[in-house]
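Structure record follows, encoded as structure tokens.
Chain A is the first sequence line, chain B the second, and so forth, proteins listed ahead of strands; every chain is numbered from 1.
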Amino acid sequence: MDMKDLPKAYDAAAVEADIFKQWEESGAFDPDKLAELDPRYKGAKPYCIVLPPPNRTGTLHLGHAKMLAIEDLLIRFHRMLGKKTYWVPGTDHAALATQVKVEQLLIKEGFKDPRQELGREKFLERVRDFAQQSRDTIVEQCKRMGSSMDWKREKYTLDAERNLAVNTVFKMMFEDGLIERGYRVVNWDPTFQTTLSDDEVDHKDTQAELVTFTYDKDFPIAISTTRPETKFGDTGVAVHPDDKRYKKFVGKTLKANFCGKQITLKVIADAEVDPKFGTGALGVTPAHSLIDADLAEQHVLPMVQVIGQDGKMTAEAGKDFEGLTTIEARKKIVEILEKQGCVQKKETVPQSLLIAQRGESPVEQLPMRQWFVRVNKNFKLRNNTLGKWKKGDETTLKDLMSYAVESKQIKILPDNFEKIYFHWVNNLRDWCISRQIWFGHQIPVWYKGDETKVSNDQPGEGWTRDPDTLDTWFSSGLWTFSTLGWPDKEKWAKEREYHPTDVLETGYDILFFWVARMILMSTYVLGEIPFKDVYLHGLVRDEKGRKMSKSIGNVLDPLDLIPKYGTDAVRLSLVMGTSPGMDQKLSEDKIKDFRNFTNKLWNISRFVLTTTRSPHPPLIRGEDELSSAEGSTLADRWILSRYYGVQDRVTKLIGDYQFSQAGELLRDFTWGDFADWYLEISKVEKGKDAILWHILSRLLPLWHPFMPFVTEYIWSLIGYPQQLLVTSWPKSSYENDGKGEKEFEVIKNLITDLRRMRAEQSVEPAAFIKVAMVVDKETQKLIEENIAIVKQLARLEEVEFVSEVAKGWPTTVSGKTTVGLNLASGIDVAKEGEKIQKEIEQLKPYIKSTEAKLKNKEFVSKAPEKVVNDMKNKLEEAKAKLKALEERMKA
RNA sequence: GGACGUUUAGCUCAGUUGGUUAGAGCGUUCGAUUCACAUUCGAAAGGUCGCAGGUUCGAAUCCUGCAACGUCCACCA
């Protein structure tokens, strides 16, 4: 393309697809092919991030886009640094979530009970179809975001290799006694007919009627409940040990006729009971409350299940109630009790209802035979683990999880999430891992009579497999190593070097679900941490701070935004102005601003491409070092010094996960220094081609991790033979004494002052063409050397150096230098006077307080020398400025 | 009930070991405009850093208390 024909505005939509294709086809996303692209990758250090596998439940949202932007930034940065980078791509079957989604779709299609009507195999077929479609969309979206991962290496939480890993770990845990089957109270979702882990249950605030009553007319103790229907299952009454009212009953067994059912209740004393709540007595329902089940276990109370898996009353509730819904039963019971005169009080109280996170249906707690992971149970370690335990030592899963973070082997960013993590781990209960849904890893357990066997395949004639599947987090917990070939010895040996992975980047909302479980699995199975750093990003909210949701209609879809503003702008808007762990408000305006910046970079490059000599830059790396003749003017020294300062700081900031700050620094330099000053100067002072290229060819790599498309595109237009994404990260080579920067500030300030005066004097532009100034010899020389720049940027036609300031002519001050400016004509003296007066007023208190500070002996002796010296210099400057201003006022 | 955050310019947010007169972007106001970019350029206005104490030579930053908002966890039956 002829450079002159470059479009005025960067057209992202027109070039992104091609660029991505080139990246993909070059093999740069594949860690094993990097060495073919550049020998420096041979034997290079590995750098690995596993992509938090998106759920195959639909499409990606802005939260995913943010995740991809940050991870791709890290991957591209480390790839350019010369690491063998492996970003492991994949998707998650998301068991329950996906099945629920498909069931809902099928119901919309007209099915009443899709599972029953279709049967396991046909139903699963539908789920798999949906998951496949979703997967295709997700992969396409990831590519649109520019994510540099190699989908040829795609993994799936439900594919054969991951299944082998799941079954292997299940067997290990079973043999270690960590996985057990038990009859316990679990969370049960009657709508979807499955158990749920504690983390999959939410609370919803509602109003409920709290009824205070006695079980029958003769019962001596009154209790309160919002769920009278569960009272058929009561087997105890609990009171506080110190409660005098009930002391005489403690230890006794009482009988009652509760709405036609004979029940037997043991009165127990437990400190957990709050004597001030209600009557101070608590009806214990071991089968339908996790809390009561704990009480029952301690006091040995029997368990009577009165609510069935269908959410209706069981035969244990008596003939009159069997088959009623809980709501119907509740109503009937209260009516009967009222008739009997047993009800003492009815009041409305706030209550938090248990509901399922997926599907929002109410959750019942009831006893079932399920599989659990025992987190508090001691077991013998199979590995040397975390440097604390040796093979054969006894510990618990909980201890492993705590120690990995406690010992700082895993660092969580921001670190306040470490506290939250510990709190969660400490209160962790056994993890119910069996689900009664069909979509997922089927539990590898076989039964024959009373025998139980763990096996991938049917052990022989007459064995039947447990129909349940595993909690989705069981398989995603293995993700860091199941994706790297484990447990296949050969494959694992090949990719072993990537584990522990370097960073786990994800939203803080799945810290418990996923991050914690990966730590559990990796420390248990491998005896090592799954990742070194955890970077938690915040949620993306709408401009009003609300969660994006379809019902509010405030969802911004990445796929709508990308064609409109370009991927680079979308990515920048998700990274800039954010910090880890903090939620982000995003509006289209913000994306628009970054689209403007993308265009700015485009035009900077277009300027350099079209105005400098051809062929443009030395096209081989390392041959663009500057000769001593280049970079000899003040402006050159200034921009080089600025650039290298920025480069070093940006490199450090990205390494420290301070992406937003790194980006801001780069933007300030690119826009504020390079474009607005240096490029303008290059129009006046010729011979800057080498430096323009020197900086642009480094700026593009620095920007690449933030905005890969536009930078790569410009890079290719310039004609570099090597793709930008595998070009090495710029290194420091500039020796910088800082003098150029300081001297240039004098020129810069002078120009700024002149510009301001021109703007504020509201004079005709033509009147402001001649300036006479009084300066010391040194400064005069400096200005004379750069006179062309001053004239051009301040739009003056003439500059004159005079011996003294003429009467009535304003003066101004730049840095240390007093400059008298004589304007040729048309100055509004009154206006200028006002302005000066104001400045004086601002200056005086500062001088006063600074002088006082410097007189303070304690301050001078205790403060660092640098602070004191800086302050002294600054004070001198301020004093000089004040003096000048006062003289000007007089005039 | 417990824990953890947040509170800085009109808006969105930076401010990492306490240290010059607290920053950016957007917005606002004023001005510029053939010359890479109107997706542009220059300038200005705008903040007692939520409140009250404390530590310190020095606090947006550390400590204590309070308030508002938010999130997570637990659930009083």
query = For A:Thr506 and A:Trp514, does a side-chain donor sit closer than 3.5 Å to a side-chain acceptor?
reply = no

request  = Indicate, with a heavy-atom threshold strictly under 4.0 Å, whether A:Met576 touches base, sugar-phosphate, or nothing.
outcome  = nothing

query = Under 4.0 angstrom, heavy atoms only, what part of the nucleic acid is A:Ala675 near: base, sugar-phosphate, or nothing?
reply = base

ask   = Got a second to check how far A:Gln584's CD is from A:Ser660's OG, nearest 0.5 Å?
value = 9.0 Å

Between B:C37 (P) and A:Asp676 (CG): distance, integer Å = 14 Å

query = On a plain distance test, is the side chain of A:His203 in donor-acceptor contact with the base of B:C75 below 3.5 Å?
reply = yes

request  = Using only heavy-atom distances, determine whether the side chains of A:Gln351 and A:Thr226 contain a donor-acceptor pair under 3.5 Å.
outcome  = yes

ask   = Would you say the base of B:C4 and the side-chain of A:Lys419 have a donor-acceptor pair closer than 3.5 Å?
value = no

ask   = Between atom CG in A:Asp668 and atom C1' in B:G25, what is the gap in whole Å?
value = 9 Å

inquiry  = Applying the Watson-Crick and G-U wobble criteria at under 3.5 Å, what pairs with B:U61? Answer none if nothing qualifies.
reply    = none

request  = Tell me what A:Lys585 touches on the nucleic acid: a base, only sugar-phosphate, or nothing, going by heavy atoms under 4.0 Å.
outcome  = sugar-phosphate

Short side-chain N/O contact to B:C57 OP1/OP2 from A:Lys862, under 4.0 Å = yes

task = Whole angstrom is fine here: how far is it from CG in A:Leu210 over to C1' in B:C75?
result = 14 Å

task = State whether A:Trp671 places a side-chain N or O below 4.0 Å from either non-bridging phosphate oxygen (OP1 or OP2) of B:C41.
result = yes

message = So if I take every side-chain heavy atom of A:Lys600 and compare against B:A77, B:C75, B:U40, which nucleotide ends up nearest?
response = B:U40

inquiry  = Please give the distance between the C1' atoms of B:A74 and B:U64 as a whole number of Å.
reply    = 28 Å

request  = Assess whether one donor atom and one acceptor atom, taken from the side chain of A:Gln661 and the base of B:A24, lie less than 3.5 Å apart.
outcome  = no

key: Nearest listed nucleotide, side chain of A:Ser579, among B:C73, B:C26, B:A14   = B:A14

inquiry  = Is it true that A:Asp205 and A:Ser352 share a donor-acceptor pair across their side chains at a distance under 3.5 Å?
reply    = no

query = Relative to each other, are the rings of A:Tyr713 and A:Trp602 parallel, tilted or perpendicular (30° and 60° limits)?
reply = parallel

remark   = Pairing partner of B:C69, by Watson-Crick or G-U wobble and under 3.5 Å for both distances, is B:G5

ask   = Which is true for A:Thr225 with a 4.0 Å heavy-atom rule: it touches a base, it touches only sugar-phosphate, or it touches nothing?
value = sugar-phosphate

message = For the C1' atoms, the ones on B:C72 and on B:A77, what distance do you get once it is rounded to whole angstrom?
response = 24 Å

note = Of the listed B:G25, B:U21, B:G5, the closest approach to the A:Met582 side chain comes from B:G5

task = Work out which heavy atom in A:Glu229 is nearest to a heavy atom in A:Val306; give both atom names and the distance.
result = O-CG2, 4.0 Å

note = From the candidates B:U20, B:C26, B:A43, the one with an atom nearest any side-chain atom of A:Asp870 is B:U20

request  = Before accepting this row, confirm whether a basic side-chain N of the pair A:Arg245/A:Asp243 lies closer than 4.0 Å to the acidic partner's carboxylate O.
outcome  = yes

key: A:Phe674 and A:Phe669 aromatic ring geometry - parallel, tilted or perpendicular at 30°/60° bounds   = parallel

message = What contact category does A:Leu875 fall into here, base, sugar-phosphate, or nothing, at under 4.0 angstrom with non-hydrogen atoms?
response = nothing

Euclidean distance, atom CD of residue A:Glu680 to atom P of B:C41 [Å, nearest integer] = 9 Å

request  = Look at the side-chain N and O atoms of A:Ser587 and state whether any lies under 4.0 Å from the OP1 or OP2 oxygen of B:U12.
outcome  = no

inquiry  = Any base atoms under 4.0 Å from A:Lys8, or only sugar-phosphate, or nothing? Heavy atoms, all strands.
reply    = sugar-phosphate

query = Is any side-chain N of the basic residue among A:Lys652 and A:Asp656 closer than 4.0 Å to the acidic one's carboxylate O?
reply = yes

message = Please report the distance separating the P of B:A59 from the corresponding atom of B:G25, rounded so that it comes out in whole Å.
response = 29 Å

request  = Look at all strands and tell whether A:Gly577 reaches a base, only sugar-phosphate, or nothing, counting heavy atoms closer than 4.0 Å.
outcome  = sugar-phosphate

ask   = Any idea which of B:C75, B:G25, B:A36 is nearest the A:Arg667 side chain?
value = B:G25

request  = Please determine, for B:U40, whether a Watson-Crick or G-U wobble partner exists with both distances under 3.5 Å, and give it or none.
outcome  = B:A32

request  = Would you mind telling me which residue lines up with the more 5' stretch of RNA chain B, A:Ala863 or A:Ile291, judged by nearest nucleotide?
outcome  = A:Ala863

task = Quick one: label A:Thr226 by what it contacts on the DNA or RNA (base, sugar-phosphate, nothing), any heavy atom closer than 4.0 Å.
result = sugar-phosphate

remark   = Winner on side-chain proximity to A:Met871, out of B:A36, B:U21, B:C57, is B:U21

Nucleotide opposite B:G47 in a Watson-Crick or G-U pair, distances under 3.5 Å = none

message = Using the P atom as the point on both nucleotides, what is the distance between B:C41 and B:G53, in whole Å?
response = 46 Å

ask   = At under 4.0 Å between heavy atoms, what does A:Asp274 touch on the DNA or RNA strands: base, sugar-phosphate, or nothing?
value = base

query = Rounded to the Å, how far apart are A:Asn596 CG and B:C37 C1'?
reply = 10 Å

Base partner of B:C13, which must satisfy Watson-Crick or wobble distances under 3.5 Å = B:G23

message = Side chain of A:Phe277, heavy atoms from C-beta onward: which of B:A14, B:C76, B:G25 has the nearest atom to it?
response = B:C76

message = Does B:C11 have its OP1 or OP2 closer than 4.0 Å to a side-chain nitrogen or oxygen of A:Lys590?
response = no

query = With rounding to whole Å, what would you report as the distance between B:A68 and B:G10 at their P atoms?
reply = 23 Å

task = State which of B:A43, B:U20, B:A77 makes the closest approach to the side chain of A:Thr752.
result = B:A43

query = Between A:Phe597 and A:Gly581, who's closer to the 5' end of RNA chain B by nearest nucleotide?
reply = A:Gly581

ask   = With a non-hydrogen cut-off below 4.0 angstrom, is A:Arg546 in contact with a base, only sugar-phosphate, or nothing?
value = nothing

query = What's the CZ-P distance between A:Phe417 and B:U6, to the nearest Å?
reply = 10 Å

query = B:C37 phosphate, OP1 or OP2: any side-chain N/O from A:Lys683 under 4.0 angstrom?
reply = no

ask   = Across the strands shown, which category fits A:Leu282 at heavy-atom distances under 4.0 angstrom: base, sugar-phosphate, nothing?
value = base

key: Proximity to the side chain of A:Asn599 - top-ranked nucleotide from B:C37, B:U21, B:A36   = B:C37

request  = Please measure how far the C1' atom in B:C62 lies from the corresponding atom in B:G18, and state the result in whole Å.
outcome  = 8 Å

Length of the CG-C1' vector between A:Leu666 and B:A24, whole Å = 14 Å

Euclidean distance for C1', B:A24 against B:G15 (whole angstrom) = 10 Å

request  = For A:Tyr10, report the nucleic acid contact type (base, sugar-phosphate, nothing); a contact means any heavy atom under 4.0 Å.
outcome  = nothing

remark   = A:Phe422 atom CZ is separated from B:A3 atom P, nearest whole Å, by 17 Å

ask   = Once the angle between the rings of A:Phe512 and A:Trp424 is folded into 0 to 90°, is it parallel (under 30°), tilted (30 to 60°) or perpendicular (over 60°)?
value = parallel

P atoms of B:A45 and B:A22, separation to the nearest Å = 14 Å

